[in-house]
Structures are given as structure tokens and as C-alpha cells.
Amino acid sequence: EIIEFKFQKSNNKELSMIDMLQEVIKGCNDLEKEQMEHERFGYEAPKYQESILNLKRYILDRCRDEKIDL
């Protein structure tokens, strides 16, 4: 879904930001799962692991600092 549309619909920046962060975390989790499946079945896959972990760690740390509950 388009974040701008959600913002116009709810007119609340915080809800739009939380929703966007949840989508990023969900995407990171999906990539981690895909990477594990590639490793499990012996397929060669891109090495996103370190980038994903760093992104997730940063987002979750910032959310904890700002007291945003995902």
C-alpha cells in the first residue's frame, strides 16, 4: 500500500511511520527466511544477512529509544 494514502486517510504521521517500519521489518524477516532456505537446500543466494541484521538492529534500537511499539 502507499504510505502517502494512509497518511491522508488517517492524517497521523506516527501511525504512518509505524506502519512503514513494520513493513521494513517484515521485508527483512522475509529476506532472512529466504536466505535460510537457500542455505538449507544448498542453493547459492545473495548475502544479505549482515545488511539485514544491521538495518533491523538500527530500526529496533531507534524504536526502543523513541518508545515506539512495533
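Counting from 1, the numbers follow the sequence of the chain as shown.
Under the side-chain contact (heavy atoms from CB on, under 4.5 Å) criterion, R57 pairs with L53, N54, D61, not counting sequence neighbours. Residues meeting the side-chain contact (heavy atoms from CB on, under 4.5 Å) test with K26, sequence neighbours left out: E23, D30. Under the rule for a salt bridge (Lys or Arg N to Asp or Glu O under 4.0 Å), the partners of E32 that lie at least two apart in sequence or sit in another chain are K56. For E34, the side chain to side chain donor-acceptor pair (under 3.5 Å) criterion is met by no residue, not counting sequence neighbours. Among residues two or more places apart in sequence or in another chain, the side-chain contact (heavy atoms from CB on, under 4.5 Å) test is passed with Y58 by R62. Residues satisfying the side-chain contact (heavy atoms from CB on, under 4.5 Å) test with Q35, not counting sequence neighbours, are E39, K47, Y48, Q49.
Put simply, the residue from V24, I18, I25 that forms a side chain to side chain contact (heavy atoms under 4.5 Å, CB included) with Q22 is I18.
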